[in-house]
Amino acid sequence: MLSVQRPDLLPDPALSREEMEALQREIAAEASFENDLSFDPAAVTDGPLSTPGEGPPLVAGVDQAFLDDRAISAIVVSRGGEIVERVYAVSELSIPYIPGLLSFREGGPIVDAVAELTVEPDLVLFDGSGRIHFREAGLATHMGVVFDVPSVGVAKSLLCGTPTDTTDNLPEGARVPIEADADVTAAAGTVIGHAVQTRQYDSGNRSINPLIVSPGHRVDADTAAALVAALTDGYKLPEPTRRADAYAEEAKSLFDG
DNA sequence: GCGACAG
DNA sequence: ATCTTGTCGC
């Protein structure tokens, strides 16, 4: 089970906006955007074949569903595509969604769900940004640092930063770097993540938008993108995220309908 | 004042 | 995120 390593950096919704931003700068200073993994990222897949001998790493997907003022946080842990554990927690939400401060709304509920885990993931995928954040401390980075676990941010749209090329109609498998600009604390030009086209229609009129992948903690930008691509299997979202998404919806339906 | 931004 | 019918394309 993962345990809180930095209680001083937990997302406190009662902080003022200024204090939240100050905490994010502190988190960014504690975060590592370099690989520090317990497994070989080049051998990761969501299928059975992987590193011979020691077996694939435990990968967790985290996602949430909402119902009134409550958040249902779900975590699904799998190894080589096989589900190892599923947990969820229902938590009261105390503050609204504010761009740039997402972890202060959803971080607490996620911590609640993590407390239910009995296994310790080698990698955690979050729904949102990591380093692609004004102060380089998005949800994935915040949670990664609090638990000191390798993490990756998987977002469906870009919060900030500038793509080095167009991200429209990219072919499947394509990857476009996202660089820090004046809106980001990192030095301009620093690659803080990538647009990753995990899926695309072969032909036709419509096109699928790429995923926005960024390092959370203990993973570099290239590896984060490669891991998400390796964990994807025919759908836009990587499998760990899809499983968490489905489980969150399932848990939610237990409460309403 | 304008712009604008994860879930 | 959530609210929702239809509609296009494989």
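In the text below, chain A, chain B and the rest are named by the order of the sequence lines, each starting its count at 1.
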I need the single residue from A:I132, A:T185, A:D181 that forms a side-chain contact (heavy atoms from CB on, under 4.5 Å) with A:I192. Which is it? A:I132
Between the main-chain N or O of A:L58 and the side-chain N or O of A:D122, is there a donor-acceptor pair closer than 3.5 Å? yes
Give the rounded distance in Å between these two atoms: CG of A:D69 and P of C:dT2. 14 Å
Could you check whether A:H217 and A:F33 have their ring centres less than 6.0 Å apart? no
Of A:D202 and A:D245, the one whose closest DNA chain C nucleotide lies more 5': A:D245
Whole angstrom value for the distance that separates C1' of C:dA1 from OH of A:Y97: 10 Å
Hey, does A:L231 have a side-chain heavy atom less than 4.5 Å from the side chain of A:P240? yes
With Watson-Crick and G-U wobble geometry limited to distances under 3.5 Å, how should the secondary structure of DNA chain B be encoded in dot-bracket form, using | for bases paired to another strand and [ ] for crossing pairs? .......
Would one find a side-chain N or O of A:K252 under 4.0 angstrom from OP1 or OP2 of C:dT2? yes
Quick one: does A:V111's side chain get under 4.5 Å of A:F147's, heavy atoms only? yes
Heavy atoms only, 4.0 Å cut-off, all strands: where does A:L139 land among base, sugar-phosphate and nothing? base
How is the base pairing of DNA chain C summarised as a dot-bracket string, given the Watson-Crick and G-U wobble criteria with both distances under 3.5 Å, [ ] for crossing and | for another strand? ..........
Return the 5'-most residue of the pair A:D127, A:R206 with respect to DNA chain C, ranking by each residue's nearest nucleotide. A:D127
With heavy atoms under 4.0 Å as the rule, sort A:L101 into base, sugar-phosphate or nothing. base
Distance-only side-chain donor-acceptor flag, A:S3 / A:Q5, under 3.5 Å: yes
Scan A:A71 against the nucleic acid and name what it touches under 4.0 Å (heavy atoms): base, sugar-phosphate only, or nothing. nothing
Among A:V119, A:V87, A:L2, the one residue meeting side-chain contact (heavy atoms from CB on, under 4.5 Å) with A:I75: A:V87
Same apolar cluster (I L V M F W Y, side chains within < 4.5 Å links), A:V219/A:V196: yes
Donor-acceptor side-chain pairing of A:E179 and A:T162 below 3.5 angstrom: no
Heavy atoms under 4.0 Å, any strand shown: does A:F66 hit a base, just sugar-phosphate, or nothing? sugar-phosphate
Anything under 4.0 Å to a heavy atom of chain A counts; send over the first and last such nucleotide of DNA chain B, read 5' to 3'. B:dC5 to B:dG7
Select base, sugar-phosphate, or nothing to describe what A:S157 touches, counting heavy atoms under 4.0 Å on all strands. sugar-phosphate
Looking at every heavy atom in both A:G216 and A:A31, which two are closest together, and how far apart are they? O-CB, 4.5 Å
Do A:R243 and A:S78 meet the criterion of a side-chain donor-acceptor pair at a distance under 3.5 Å? yes
